[in-house]
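Both counts, for ligands and for their atoms, begin at 1 and track the order of listing.
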Amino acid sequence: MKIVIIGGNAAGMSAASRIKRKAPENEVIVLEKSGDVSYGACGMPYYVADLNPDIDLMRIRPVEVFREQGVDVRLHSMVDKVDREHKTVHGTCEGNEFTESYDKLIVTSGSSAIVPPLPGTELSGIYTLKTLPDAAALKAALSEDKRVVIIGGGYIGLEIAEACLLRKVKELRLVEAMDHVLTTFDDEFGDAAAAELKKHGVELCLGEKVTGFTGEDGKLTAVETDKGSYPADVAIMAIGVRPNTAFIDVDKLRNGAIITDTAMRTSDPDVFSAGDCATVWHRILKENVYLPLGTNANKQGRLVGDSAVGKQVCFDRAIGTSMLRVMDMEFACTGVTEKAAERAGMKYKTKTVKSRSHARYYPDPKELTIKLIYDPDTKVILGAQIMGEKEAALRIDVFACAVDRGMTTEELGFMDLGYAPPFASVWDAIQIAANASK
Ligand SMILES: Cc1cc2nc3c(=O)[nH]c(=O)nc-3n(C[C@H](O)[C@H](O)[C@H](O)COP(=O)(O)OP(=O)(O)OC[C@H]3O[C@@H](n4cnc5c(N)ncnc54)[C@H](O)[C@@H]3O)c2cc1C
């Protein structure tokens, strides 16, 4: 069977590799528009921050390794049309057109940073952070004499803010159209992230919309909003991503994400999709949602490889577990937030508890804030959010297990979690929160 994969990063190369390991008799062609395959995009903020000086550390596996495995990787090959009736893909490679037939097609073309059509976006000095060349360009643009404006207060915007602070830029401002940053969390967590940014000297412009950019001699000089004009040498667009799916006409969500079932099948039985260009089935919300995370892309990528060669797979476990650091604070969430539960019309209760990262008689315990969302009748845990100065983020994984397994607050409260004074208290913060959720 001939399997064509469009897009060669996390999802696409996971799929290609999986097929060559488990069903090597299949021909696998990967069409990748850039010159890179298989890189850790999540590492880019830390490269920009110069916590990692070597861009090659983010290249997970070189293209030669895949080729040795028998994957026919074709770089600089950009697909612009899929003809599902004739089962062909059409595109260009370094100026030359190509058409490739397929028996099965896997679309793993990911997402692109959204750049809205505002006046002035063509000026130099405006950046996004999505690809390795983006990361190299942004890193080179930052220096201690630069006035920087970040547009967007989601997790990528906040990670970039940390990078800019670590690079000691002259002025740093973050403009966010909503009244809070980190809107995938409940507001009190966003407020804490905002306070952390302010503590480190970031000017926050919340509830403010960017209307355009002005410049001189083709170079950015200011970011314009509906409330002001801010002098800037560098502007970084971090307002989200959009699925790269214009070249194919299968069923999609309104934002263009390809709708997939739990076996990553699309509305066309010969077309599969995974990663940032596709939906995932949300275990708690019980619907197809768009959750463009590396965690999902890697799992779906591996499973879509199996699915395309006819194996039974089921990925119905996405619950949006995610984490980030903003300077001295860690934030993490899993399952549904209170906002999401409300939006979905779910019955829920919440409990917020503050406790310590570890025993008070061991040096430097830090406050942890945990918010649980749970079913008021069954006490099944639906979601959790956590923040604190240290030892906060990884605790979310225990809550993720609880949400995934449909555990009740009581079950979690009495789970046999480990304890020694440097790491936890005899009742860990997780259990204190669970036992308080009645
Ligand atoms: C700055 C940053 C930080 C992040 N941090 C985290 C994190 O901490 N945790 C987390 O879980 N996730 C994180 N993510 C998200 C994670 O990187 C993505 O979810 C993941 O890269 C998605 O992988 P993918 O293969 O689905 O898509 P992509 O990485 O978007 O790859 C798609 C590939 O398809 C290619 N392509 C696109 N269109 C075509 C076409 N028409 N023809 C041929 N090729 C095409 C692209 O060039 C690209 O190589 C972060 C993302 C960014 C940008």
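With contacts defined as side-chain heavy-atom distances shorter than 4.5 Å, the pair V326/L197 qualifies. V336 is listed as a side-chain neighbour of L285, based on a closest heavy-atom distance under 4.5 Å.
The pair K339-E342 does not count as a salt bridge, with every side-chain nitrogen at least 4.0 angstrom from each carboxylate oxygen. The residues K209 and D226 are annotated as not salt-bridged, no charged nitrogen and carboxylate oxygen being separated by less than 4.0 angstrom. Using a cutoff of 4.0 Å between basic side-chain nitrogens and carboxylate oxygens, K87 and D103 are not scored as salt-bridged. Here K366 does not pair with D328 in a salt bridge; the nearest charged N to carboxylate O distance is not below 4.0 Å. Ion pairing between a basic and an acidic side chain is recognised when a charged N comes within 4.0 Å of a carboxylate O; D428 and R395 show such pairing. Looking at D72 and R74, a side-chain N of the basic residue comes within less than 4.0 Å of a carboxylate O on the acidic one, giving a salt bridge. Of the charged side-chain nitrogens involved, at least one lies within less than 4.0 Å of a carboxylate oxygen, so that E100 and K2 count as a salt-bridged pair.
At a heavy-atom cutoff of 4.0 Å, ligand 1 is contacted by no atom of C277, backbone or side chain. Of all the heavy atoms of N296, none lies under 4.0 Å from any atom of ligand 1, so neither backbone nor side chain is involved. If you look at V79 next to ligand 1, the close heavy atoms, those under 4.0 Å, come from the backbone and the side chain alike.
With hydrogens left out, the protein atom closest to atom 36 (N) of ligand 1 is S109 O, 3.8 Å, a heavy atom. Ranking protein heavy atoms by distance to atom 25 (O) of ligand 1, first place goes to A11 N, 2.9 Å. Protein heavy atom nearest atom 16 (C) of ligand 1, with residue, atom name and distance: G294 N, 3.5 Å. Of all protein heavy atoms, the one lying nearest to atom 14 (N) of ligand 1 is Y155 OH, 3.1 Å. Atom 9 (N) of ligand 1 has as its closest protein heavy atom C42 SG, 3.9 Å. Considering only non-hydrogen protein atoms, atom 27 (O) of ligand 1 sits nearest to G110 CA, 3.2 Å. Protein heavy atom at the shortest distance from atom 48 (C) of ligand 1 is E32 OE1, 3.5 Å. Taking atom 26 (O) of ligand 1 as the reference point, the nearest protein heavy-atom neighbour is D276 N, 2.8 Å.
Ring geometry for F331 against F185 counts as perpendicular: the plane angle is over 60°, on a 0 to 90° scale with 30° as the lower cut.
Against a heavy-atom cut-off of under 4.0 Å, T108 is close to the following atoms of ligand 1: 32 (C), 33 (C), 34 (O). For ligand 1, the atoms lying closer than 4.0 Å to a non-hydrogen atom of S111 are 30 (O). Proximity to A297 (heavy-atom distance under 4.0 Å) selects the following atoms of ligand 1: 22 (C), 23 (O), 26 (O). Close approach to L31 involves these atoms of ligand 1, each under 4.0 Å from a residue heavy atom: 43 (C), 44 (N). Ligand-side atoms of ligand 1 in range of A10: 23 (O), 25 (O), range being under 4.0 angstrom from any heavy atom. Using a 4.0 Å cut-off to heavy atoms of G275, the atoms of ligand 1 that qualify are 26 (O). Ligand 1 places these atoms under 4.0 Å from at least one heavy atom of F247: 41 (N). Which parts of ligand 1 touch N9 is read off a 4.0 Å heavy-atom cut-off, strictly below it: atoms 21 (O), 25 (O), 28 (P), 29 (O), 31 (O), 49 (O).
Among I248, L324, I156, the residue whose heavy atom lies closest to atom 51 (C) of ligand 1 is I156. With distances taken over non-hydrogen atoms, the option nearest atom 45 (C) of ligand 1 out of K33, M13, R74, M78 is K33.
Cation-pi geometry between R265 and F272 is not met: the NZ or CZ atom fails to fall both under 6.0 Å from the ring centre and inside 45° of the normal.
Proximity of S77 to ligand 1 is established by a heavy-atom distance of less than 4.0 Å.
Judged by distance alone, the side chain of K252 and the main-chain N or O of T245 form a donor-acceptor pair under 3.5 Å. Within the 3.5 Å criterion, the main-chain N or O of K139 finds a donor-acceptor partner in the side chain of R167.
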